[in-house]
Number of protein chains: 2
Amino acid sequence: MAIVDEMVCFSLYSATRATTRAYTELLAPWKLTYTQYLVLVILWNEGSQPVREIGEMLQLDSGTLSPLLRRLESKEFIKRQRSETDTRVVNVLLTEQGNNLRNELAHIPEQIACGTGLPDIASAKALVNSLHRLTESMQEIPTMDSK
Amino acid sequence: MAIVDEMVCFSLYSATRATTRAYTELLAPWKLTYTQYLVLVILWNEGSQPVREIGEMLQLDSGTLSPLLRRLESKEFIKRQRSETDTRVVNVLLTEQGNNLRNELAHIPEQIACGTGLPDIASAKALVNSLHRLTESMQEIPTMDSK
DNA sequence: CGTAATTAGATTGTGCGCAACTTAAATTTG
DNA sequence: CAAATTTAAGTTGCGCACAATCTAATTACG
């Protein structure tokens, strides 16, 4: 076993890439990427959202989201429409096709859950919790922003 | 809390990006990326390696490694030299500068370890183990390669 | 031996992820 | 109200990650 396999960071990085590859394979028939799928999950569950909200939920900025949403729009799964009350805001909403996708892709969560190899929901939640704690903690590193 | 925060895949994805950002900040003075750092860790600990070996350890193919190694070489931290016994093979070795970096970056593992917020080495190892199991399990998804 | 199959590495092209910057609109404040 | 600040989203550029393809060298085997 190589040195990197003992590192927490590498085991995270490795697990994430394995998971993303699994999604990529499951999503291939629809030519969707993992991140595009996450945007759809948000829209299915929380309804239409401004770009900013989606960015906050996924922790992604407009540099990532703008082109990603353009691609989702060109696939005709979403529409973007500028808010009338505040024209800086762009609202993202599902098309009918995008809505239908929810049923077509309903098998994916279970297949991924199975892919994790976790024995039950409790252990999945335990893992999610420790990863949340790690994420929080990692974001609090002070480094040099002592200004 | 958004729907994505309950997903194992998203908590992984999120934790990985937080960790990578932490490395990026720590490595900024040397203009190294996280993946470039991983290559250096391998070379420091396992000595010169062919590209293929590095790729196996990091689970990266030449499409990622070739340009990455070119950039590490242009920074003069590594050298690439084609094997004489098998001219298909390219061996990657540290320059003196690359070797010196090991001491300069010696503070990083501890800062990251601290950043994880994990209380002790045992819990770090436990997390690493469950992530390894998840990675293995995720790679064994059959999907459609029924050929 | 010579052809077929395999292997190592590089190249090309796409899509993030993110920093830095731009534009335009809304809000704050003097 | 006007100038300054803040906010939302888009654009540009770089470096992965990865699929697909290519070249050249080595190995297998008929």
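Everything numeric here is computed off the predicted structure, so don't read it as measured data.
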Closest listed nucleotide, where the reference is the side chain of [X] and the choices are [options]:
X	options	answer
B:Val90	C:dA10, D:dA17, C:dG15	C:dA10
A:Thr35	C:dG17, D:dA25, C:dG9	C:dG17
B:Arg71	D:dC16, C:dC18, D:dA9	D:dC16
B:Asp61	D:dC18, C:dG9, D:dC16	D:dC18
B:Arg17	C:dC18, D:dA25, D:dA9	C:dC18

For a quick test of reading the model: is some side-chain N or O of [X] closer than 4.0 Å to OP1 or OP2 of [N]?
X	N	result
A:Gln59	C:dG17	no
A:Arg21	D:dA19	no
A:Tyr13	D:dA17	yes
A:Thr20	D:dA17	no
B:Tyr34	D:dG15	no
B:Arg88	C:dT6	no

How close or far is atom [atom2] of [N] from atom [atom1] of [X], stated in whole angstroms?
X	N	atom1	atom2	result
A:Glu56	D:dT7	CD	P	11 Å
A:Ile54	D:dG10	CD1	P	11 Å
A:Leu38	C:dG17	CG	C1'	13 Å
A:Arg52	D:dG10	CZ	P	13 Å
A:Lys31	C:dC16	NZ	C1'	18 Å
A:Glu53	D:dA8	CD	C1'	12 Å
A:Leu60	D:dT11	CG	P	17 Å
B:Gln36	D:dC16	CD	C1'	9 Å

Count the heavy atoms of every other residue, nucleotide or ligand shown that sit under 6.0 Å from [atom1] of [X], and state whether that count exceeds 12.
X	atom1	result
B:Glu76	CD	no
A:Glu56	CD	yes
A:Lys75	NZ	yes

Response to the item:
Within residues 62-70 of chain A, the residues having a heavy atom closer than 4.0 Å to DNA chain C are A:Gly63, A:Thr64, A:Leu68

Discussion item. Does anything in residues 72-81 of chain B come within less than 4.0 Å of DNA chain C? Heavy atoms only, and list the residues if so.
Written reply: B:Arg80

Do [X] and [Y] come close enough that some side-chain heavy atom pair is under 4.5 Å?
X	Y	value
A:Leu127	B:Leu134	yes
A:Thr19	B:Val8	no
B:Leu40	B:Ile78	yes

Discussion item. Whether the A:Ser83 and A:Thr85 side chains hold a donor-acceptor pair (N or O, under 3.5 Å, no angle test) is what I'd like checked.
Written reply: yes

Worksheet item: Are B:Trp44 and B:Leu72 joined in one hydrophobic group, where the rule is that I, L, V, M, F, W and Y side chains link up if heavy atoms are under 4.5 Å apart?
Response: yes

Practice prompt. Select from A:Thr24 and B:Thr87 the residue whose nearest nucleotide in DNA chain D is closer to the 5' end of that strand.
Written response: A:Thr24

Discussion item. Distance check, rounded to the nearest 0.5 Å: A:Ile54 atom CD1 versus A:Thr64 atom OG1?
Written reply: 13.0 Å

Discussion item. I need the B:Leu93 CG to B:Arg80 CZ distance, nearest 0.5 Å.
Written reply: 11.0 Å

Worksheet entry | Aromatic ring proximity, centroids under 6.0 angstrom, A:Phe10 and A:Tyr13 | yes

Worksheet item: For DNA chain C, whose closest nucleotide is more 5', that of B:Arg82 or that of A:Thr85?
Response: B:Arg82

